[in-house]
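Letters go in sequence order (proteins before strands), and every chain restarts at 1. What you see is a predicted model; the values in this text were computed from it and never measured.
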Number of protein chains: 2
Amino acid sequence: MEKARWQTHRVTIKDIARAANVDPSTVTRALQGSERVKTATREKIASLAAEMGYVPDMAARTLVNRRSGLIGVVIPDMTNPFFAEFGRGIEDEAAKHDLRILIIDTRGVEAAEREAVKLFLELKVDGVVVPMARGPQEYYDGLNDAIPLVHVNREEAKHRVNCDTVHGSILVMQHLLELGHRRIGFVRGPAPPGREPKMFAYRQALDEAGIHYDPELIFTFDGTLESTELIAEQVLALDERPTAIFGHNDVSAAGLIHALRDHKLSVPQDISVAGHDDIQLSGCIDPPLTTVAWPMYELGQQSVRYLYSLGQGKKPRAPKVPLPRLIVRESTGGPKAARKS
Amino acid sequence: MEKARWQTHRVTIKDIARAANVDPSTVTRALQGSERVKTATREKIASLAAEMGYVPDMAARTLVNRRSGLIGVVIPDMTNPFFAEFGRGIEDEAAKHDLRILIIDTRGVEAAEREAVKLFLELKVDGVVVPMARGPQEYYDGLNDAIPLVHVNREEAKHRVNCDTVHGSILVMQHLLELGHRRIGFVRGPAPPGREPKMFAYRQALDEAGIHYDPELIFTFDGTLESTELIAEQVLALDERPTAIFGHNDVSAAGLIHALRDHKLSVPQDISVAGHDDIQLSGCIDPPLTTVAWPMYELGQQSVRYLYSLGQGKKPRAPKVPLPRLIVRESTGGPKAARKS
DNA sequence: GAGAAAAATACAAACGTTTGTATTTTCAGC
DNA sequence: GCTGAAAATACAAACGTTTGTATTTTTCTC
């Protein structure tokens with residue numbers, strides 16, 4: 001008996017019914033605030049429920065309602081502050097529709113992503129939001145008639161809320177080009193191959209500026225800070241170094257700046273570094289980072305709003321979200337300074 | 001009909017039973033891999049289930065099993081990388097026991113914390129982990145016989161996994177004292193009043209060093225970077241400035257360093273700043289931050305292990321976890337330099 | 001105060017599983 | 001081919017809600 005105190009017995013609707021001397025169905029309706037039950041009874045039941053410590057059983061409820069009132073969010077990396085605002089947007093919008101949200105962090109592992117979606121499926125969530133999904137599109141397409149599923153930033157998805165990644169990256173490139181840089185490096189992130197809008201923007205901007213694309217200037221960030229060390233070394237080893245680098249995100253840019261400094265290169269005097277995401281700390285590192293801010297809050301909101309329309313059986317139009325904004329701070333400057341030193 | 005494609009009809013065990021021409025109970029047992037059903041039947045059912053796209057209904061399952069196989073985690077701030085490792089520990093350990101985990105981020109809002117716990121209760125999760133809870137202990141005590149609930153770092157909780165916060169903070173203070181600092185500031189965090197082990201350690205270290213406690217040197221970080229600006233101004237306004245500051249966490253320390261620099265104070269020459277948490281970027285900011293690292297992974301593991309023992313009806317001993325470690329980097333130095341400038 | 005309409009409540013089936021028990025089938029051994 | 005045990009399967013109740021329908025109670029009208 002001491003063994004498992006919490007399994008004793010949860011108060012159910014039946015218990016309340018017995019205590020109030022009514023039928024369970026009356027209790028349900030009373031708790032729902034239905035007009036069909038007399039005010040006096042309703043109040044009696046409400047207070048009884050409170051005092052007996054009644055906790056509704058979602059399992060039973062979900063079973064008969066055939067929906068859980070939950071929406072699932074699959075986040076690739078909850079550490080990345082980039083997603084914090086996104087989460088806020090989701091939650092605020094979900095609250096409006098009486099939905100509760102559940103988050104699973106996949107750490108960018110595709111298997112975990114599938115596991116997460118599977119769990120949500122079993123939980124009969126009302127919808128799933130998958131920002132920056134790693135898994136192949138075919139997988140998600142197969143799910144489309146099992147559950148409403150909206151992607152964030154995946155061009156080819158059936159249901160999606162997109163932010164113009166290419167536009168944001170072009171802004172960075174234009175900024176660097178306007179500063180006079182001609183030799184610009186690019187740091188790729190751990191994206192699925194063939195789905196690299198930043199890379200696309202990078203090349204397009206170079207093309208338009210009439211600059212030849214040099215594969216030597218492409219580096220890869222694998223999500224760890226160690227890999228930024230490597231990138232620094234690769235940069236150093238180059239015969240002709242880039243005068244500016246566009247980093248996959250702020251974490252990689254920060255790591256890179258730090259690593260470059262260890263090798264006695266200063267930013268932006270010797271080399272400019274721009275990031276992407278505008279995380280909380282990016283204004284705080286030294287030098288403060290030039291970067292791109294995304295309307296993450298709106299993206300979160302729109303995802304849920306989209307999901308909700310889907311649930312209502314509406315056929316929502318792809319929502320309009322604001323464009324990314326360039327934030328110029330101090331980690332980028334003209335290339336001339338570099339030649340001076 | 002186009003209206004809500006995903007609500008058409010989920011494949012149930014009954015459907016499989018019909019297709020395989022057996023009873024639903026046989027399907028259940030087959031899917032469980034029970035020896036009680038003939039191998040041939042078992043295989044037929046398995047392949048049938050796969051091909052029909054059967055997804056178990058957790059609601060129904062939870063209803064009869066009276067447990068969900070889920071464990072809930074209530075995180076105060078998923079942005080804080082501090083919790084990333086914690087999450088990994090939780091997940092790895094949960095996987096060992098065939099438990100799935102659900103995370104809710106409360107953003108430090110107490111109401112959200114309660115909402116989260118309530119949702120978990122309704123979901124009939126097998127256990128809840130609440131690291132660094134904000135809510136009052138009485139609230140959680142009331143839940144103790146409804147569900148296994150383990151706290152991380154809450155001295156007074158019935159079930160807890162603790163890391164010696166005081167020890168870690170003492171390490172920082174000793175480090176600063178050994179460097180020769182006598183006038184040391186302290187930045188409080190958004191903790192519930194009366195539960196401030198870091199503050200406790202701060203005062204104790206001062207006492208032991210025979211240094212008088214000066215309330216002027218206590219500042220408050222509210223979680224936003226803006227408040228670090230304020231702190232910097234307060235420091236500047238002081239007649240007699242501290243030569244070192246022990247910050248509530250790395251984010252506040254990073255913000256403070258940045259703000260101090262804006263006011264032409266350099267770190268550590270003019271003032272030393274130490275943080276707490278050892279987040280990913282703390283080695284990356286300039287100067288790299290002296291801080292305290294916690295064994296977050298182990299804390300996560302132990303939480304689940306503890307929960308699991310509780311679920312087994314065992315009476316687990318409070319688990320031993322490693323002590324926090326001081327990480328000395330470059331944001332702290334001797335106070336002499338300060339007088340030079 | 002009888003009857004009808006309206007209000008309040010009770011009944012019963014269903015949601016998709018699981019599990020203890022009962023029933024049928026299989027297959028030795030003779 | 002009969003018996004009996006063992007193996008395989010079927011039956012039925014239960015988990016805690018919800019909801020359409022049926023029933024009872026109240027209230028009003030004349």
Side-chain angles (χ1 to χ4, degrees), chain A residues 7-46 48-49 52-70 98 121-126 146-147, chain B residues 7-46 48-49 52-70 98 121-126 146-147:
Chain A
Q7 284 171 18
T8 36
H9 174 68
R10 280 169 73 142
V11 176
T12 77
I13 272 194
K14 286 183 192 173
D15 297 322
I16 302 179
R18 210 170 307 124
N21 206 21
V22 297
D23 187 83
S25 64
T26 304
V27 175
T28 301
R29 292 194 240 254
L31 259 23
Q32 287 170 343
S34 161
E35 289 292 327
R36 214 168 121 176
V37 19
K38 192 165 47 169
T39 313
T41 323
R42 213 186 312 151
E43 283 164 358
K44 185 169 83 179
I45 290 177
L48 223 39
M52 296 171 73
Y54 170 68
V55 175
D57 184 321
M58 272 212 60
R61 202 172 258 185
T62 301
L63 189 56
V64 29
N65 289 341
R66 315 172 82 129
R67 57 186 298 269
S68 59
L70 297 171
D98 257 312
L121 226 50
E122 293 184 15
L123 277 174
K124 279 217 201 85
V125 298
D126 296 359
I147 200 168
Chain B
Q7 283 171 19
T8 37
H9 173 68
R10 282 168 73 142
V11 177
T12 77
I13 273 193
K14 286 182 190 172
D15 298 321
I16 302 178
R18 208 170 307 123
N21 206 19
V22 297
D23 187 83
S25 62
T26 304
V27 175
T28 301
R29 291 194 241 255
L31 259 23
Q32 287 169 344
S34 160
E35 289 292 327
R36 215 168 121 176
V37 18
K38 192 163 48 165
T39 314
T41 324
R42 213 186 311 153
E43 282 164 358
K44 185 169 82 179
I45 290 177
L48 224 37
M52 297 171 72
Y54 169 68
V55 176
D57 184 322
M58 272 213 59
R61 204 172 256 185
T62 301
L63 190 56
V64 27
N65 289 341
R66 316 174 82 130
R67 56 187 298 270
S68 59
L70 298 170
D98 259 309
L121 226 49
E122 292 183 16
L123 277 173
K124 279 218 201 85
V125 299
D126 296 1
I147 199 170

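Residue Thr62(A) is out of contact with every strand shown, counting any heavy-atom pair closer than 4.0 Å. Backbone-only engagement by Asn21(A) is indicated by non-hydrogen atom pairs under 4.0 Å involving sugar-phosphate atoms exclusively. Thr12(A) comes within 4.0 angstrom of sugar-phosphate atoms only, judged by non-hydrogen atoms across all strands, and of no base. Using a 4.0 Å heavy-atom criterion, one finds that Arg29(A) contacts the bases of the nucleic acid, with or without backbone contacts as well.
The distance between atom CD1 of Ile45(A) and atom P of dA8(C), rounded to the nearest whole Å, is 13 Å. The separation between Asp23(B) atom CG and dT19(C) atom C1' is 12 Å, rounded to whole Å. Regarding Asp57(A), its CG atom lies at a distance of 10 Å from the P atom of dT18(D), rounded to whole Å. Atom CD1 in Ile16(A) sits roughly 16 Å away from atom P in dT9(C) (whole-Å rounding). In this structure, Tyr54(B) atom OH and dT17(C) atom C1' are separated by 7 Å, rounded to whole Å. When the C1' atom of dA8(D) is taken as reference, atom CD of Glu43(B) falls 15 Å away, rounded to whole Å. dG16(D) atom P lies 12 Å from atom CG of Leu63(A), rounded to whole Å. Separating the CG atom of Leu31(A) from the P atom of dT19(D) is a distance of 13 Å, rounded to the nearest angstrom.
Of the candidate nucleotides dG16(D), dT17(C), dA8(D), dA8(D) has the atom nearest to the side chain of Thr41(B). Of the candidates dT19(C), dC15(C), dT21(C), the closest approach to any side-chain atom of Arg36(B) belongs to dT21(C). Among the nucleotides dA12(D), dC15(D), dA10(C), the one closest to any side-chain atom of Val64(B) is dC15(D).
Residue Arg66(A) has a polar side-chain atom (N or O) positioned under 4.0 Å from OP1 or OP2 of dG16(C). In this model, the phosphate group of dT18(D) is approached by a side-chain N or O of Thr28(A) to a distance below 4.0 Å at OP1 or OP2. When the side-chain nitrogen and oxygen atoms of Gln32(B) are compared with OP1 and OP2 of dT17(C), none of them lie within a distance under 4.0 Å. An OP1 or OP2 oxygen of dT9(D) is reached within less than 4.0 angstrom by no side-chain nitrogen or oxygen of Thr26(B).
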CA sep, side-chain torsions, deciding dist, call: Leu70(A), Thr62(A), side chain to side chain contact (heavy atoms under 4.5 Å, CB included): CA-CA 10 Å; Leu70(A) 297 171; Thr62(A) 301; over 6 Å; no
Check against side chain to side chain contact (heavy atoms under 4.5 Å, CB included), Glu35(B) and Arg42(B): CA-CA 9 Å; Glu35(B) 289 292 327; Arg42(B) 213 186 311 153; 4.2 Å; yes
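Atom-to-atom distance recorded for His9(A):NE2 and Arg66(B):CZ is 7.5 Å, nearest 0.5 angstrom.
Between the Ser68(B) side chain and the Lys124(B) main chain, a donor and an acceptor come within less than 3.5 Å of each other. In terms of modelled atom types and a separation under 3.5 Å, the side chain of Asp57(A) and the main chain of Ala59(A) share a donor-acceptor contact.
Residue Glu35(B) is the one, among Glu35(B) and Arg61(A), whose nearest nucleotide of DNA chain D lies closer to the 5' end (criterion: closest heavy atom).
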